[in-house]
Number of protein chains: 2
Amino acid sequence: MKEYEIFKEISHRQNKKITKQRSIIVKKIFSLHKHFSADELFKMLKKEYSGISRATVYRTLKVLVDMGFVEEREFGRGKKYYEHIIGHDTHSHFVCIRCGKIIEFKSEIIEQEIYKIAGEYGFEVDKISTIVYGVCKECREKGG
Amino acid sequence: MKEYEIFKEISHRQNKKITKQRSIIVKKIFSLHKHFSADELFKMLKKEYSGISRATVYRTLKVLVDMGFVEEREFGRGKKYYEHIIGHDTHSHFVCIRCGKIIEFKSEIIEQEIYKIAGEYGFEVDKISTIVYGVCKECREKGG
DNA sequence: CTGTATGCAAATCCTTTGCATGCCT
DNA sequence: AGGCATGCAAAGGATTTGCATACAG
């Protein structure tokens, strides 16, 4: 598992310890390919290993965000969602305000435009978050 | 004050009462030209009128969002920010991760591109939120 | 060993709600 | 009068933190 090796490598460089819990959490996160909240992750782990506290999940997520493995987003539901970055391109999101579905999309044009404007403002871009709220195709067809 | 007249008009149509508190809150919001959190608004009002509860501020903000006067955003700080819409175009934001400054910018290209892609997905756009995190010019010049 | 990391529970921050009361219309 | 709005305090949800203990390097 290449991603996990990278995680170990960076952990060493940053003096971070690879504990049993952290290792389980990280592997779980790399196995997920959709967005999850801290608590959802905690519940998944609890079912499978039942030896990881909620606090550790929260703390580990923060560490992973700092290390650049995981991205944190807010979709307007009052809590934070995460997704691992490795192997995932920068992308934008459609969020359905009826069913909550999240659809990812990618646009070079948007990215280029943002970098261009940022340049004009002297702003150094770190992370782009484009979220489009609306109604997905399925919900529209169901009527309303 | 034209905006306030519109607010009264829509309130009537929607059977909403115009109370002293609501009136003060609305006028305050229309006088603000930057983003604010519910609690920041509450504290501003408390200083000036000291007769409005936190609950009323929260409830009124929700009403105003529903009425379409105010937009709700999350800038990744774990709480919601608001800004009034009337007279404000749709726009995107640069958020400085050092000093917290928020810079607004506008791009037709981004909007057009989003509508185009949404069309391809059959997604009906309601609201677009583009937030670019990074370091502003001033903070970059201060070093780091 | 030494410094991180963990677990637990308590604490915090932001926001929402139940209920009795107040006040527009 | 009738119903929406308010205030208060309590409840709620998400996240963070203090502290003693455990464990990786």
Side-chain angles (χ1 to χ4, degrees), chain A residues 4 7-29 35-46 49-67 69-82 100, chain B residues 4 7-29 35-46 49-67 69-82 100:
Chain A
Y4 186 65
F7 163 70
K8 282 208 303 196
E9 166 72 21
I10 298 195
S11 293
H12 287 143
R13 273 196 229 152
Q14 300 193 3
N15 254 1
K16 304 213 186 294
K17 307 211 161 159
I18 300 180
T19 61
K20 197 163 26 126
Q21 292 89 332
R22 202 164 274 191
S23 164
I24 289 171
I25 293 172
V26 168
K27 284 179 182 164
K28 185 72 187 174
I29 288 176
H35 309 81
F36 54 89
S37 67
D39 203 60
E40 283 163 9
L41 178 59
F42 169 66
K43 280 175 186 145
M44 286 186 252
L45 292 166
K46 201 165 108 183
Y49 308 94
S50 72
I52 298 178
S53 74
R54 195 177 255 101
T56 295
V57 171
Y58 274 93
R59 278 191 279 232
T60 302
L61 277 170
K62 188 161 287 189
V63 168
L64 293 174
V65 168
D66 285 345
M67 288 170 84
F69 280 104
V70 168
E71 230 171 64
E72 189 179 271
R73 298 176 187 282
E74 291 182 76
F75 291 121
R77 299 173 190 153
K79 64 179 163 184
K80 293 171 184 160
Y81 285 83
Y82 299 87
Chain B
Y4 186 65
F7 163 69
K8 281 208 305 197
E9 165 72 22
I10 298 195
S11 292
H12 288 142
R13 271 195 232 153
Q14 300 193 2
N15 257 355
K16 304 214 185 293
K17 309 214 160 154
I18 301 181
T19 62
K20 196 163 28 124
Q21 292 90 333
R22 204 164 273 191
S23 165
I24 290 171
I25 293 173
V26 168
K27 284 179 182 164
K28 186 72 187 173
I29 288 175
H35 308 80
F36 54 89
S37 68
D39 203 60
E40 282 163 9
L41 178 60
F42 168 66
K43 280 177 186 146
M44 286 186 251
L45 292 166
K46 201 165 108 184
Y49 308 94
S50 73
I52 298 177
S53 73
R54 195 178 255 102
T56 295
V57 171
Y58 274 93
R59 278 191 278 233
T60 302
L61 278 170
K62 189 160 287 192
V63 168
L64 293 174
V65 169
D66 286 345
M67 288 170 83
F69 280 104
V70 167
E71 231 172 62
E72 191 179 271
R73 298 175 187 283
E74 292 182 75
F75 290 122
R77 299 172 189 154
K79 64 180 162 182
K80 293 171 183 160
Y81 285 82
Y82 299 87

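Heavy-atom basis, side chains included; hydrogens, waters and symmetry copies ignored.
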*B:K62 bridged to B:D66 by N-O distance under 4.0 Å*: no
*A:Y58 and A:D39: which non-hydrogen atoms are nearest, and at how many Å?*
OH-N, 4.4 Å
*At their closest point, which heavy atom of A:E74 faces which heavy atom of A:K80, and how far apart are they?*
CG-CG, 4.1 Å
*For C:dT6, does OP1 or OP2 lie under 4.0 Å from any side-chain N or O of A:R22?*
yes
*Value in whole Å for how far the C1' atom of D:dA14 lies from CZ of A:F36*: 16 Å
*Find the distance A:I52:CD1 to C:dA5:P and express it as a whole number of Å.*
15 Å
*Round to a whole Å and report the spacing from CD of B:E40 to P of C:dC14.*
9 Å
*Provide the closest heavy-atom pair for A:V57 versus A:A38 in the form atom of the first, atom of the second, distance.*
CG1-O, 3.7 Å
_the helix from C:dC1-D:dG25 to C:dT25-D:dA1: angle between end helix axes, five pairs per end, rounded to 10 degrees_ = 40°
*Rounded to the nearest angstrom, tell me the gap between atom CD in B:E74 and atom C1' in D:dG13.*
14 Å
*On DNA chain C, check which nucleotide each of B:R77 and A:V57 is closest to and give me the residue with the more 5' one.*
A:V57
*With respect to the phosphate group of D:dG7, does any side-chain polar atom (N or O) of B:Q21 fall under 4.0 Å of OP1 or OP2?*
yes
*Phosphate oxygens OP1/OP2 of C:dG7: is one of them under 4.0 Å from a side-chain N or O of A:T56?*
yes
*At under 4.0 Å between heavy atoms, which parts of nucleotides 16-25 of chain D does protein reach? Answer with one letter per nucleotide, 5' to 3': B base, S sugar-phosphate only, - none.*
BBB-----BS
*Show the numbers, then the answer: is there a side chain to side chain contact (heavy atoms under 4.5 Å, CB included) between A:I52 and A:K20?*
CA-CA 9 Å; A:I52 298 178; A:K20 197 163 26 126; over 6 Å; no
*asked:* Could you tell me how far apart A:L41 (CG) and D:dA14 (P) are, to the nearest whole angstrom?
replied: 14 Å
*asked:* So does B:G100 get a backbone contact from the side chain of B:R77, meaning a donor-acceptor N/O pair under 3.5 Å?
replied: yes
*Rounded distance (Å) that lies between atom C1' of D:dA5 and atom CD of B:Q14*: 15 Å
*Quick one: are A:F42 and A:L61 in side-chain contact, heavy atoms under 4.5 Å?*
no
*asked:* From NZ of A:K46 over to P of C:dC8, roughly how many Å is that when rounded to an integer?
replied: 11 Å
*asked:* Measuring only between side-chain heavy atoms, which start at C-beta, is B:T60 closer than 4.5 Å to B:Q21?
replied: no
*Quick one: B:E72 CD to C:dC14 P, roughly how many Å, whole number?*
15 Å
*Measure the acute angle between the ring planes of B:Y81 and B:F75, then classify it against the limits of 30° and 60° as parallel, tilted or perpendicular.*
tilted
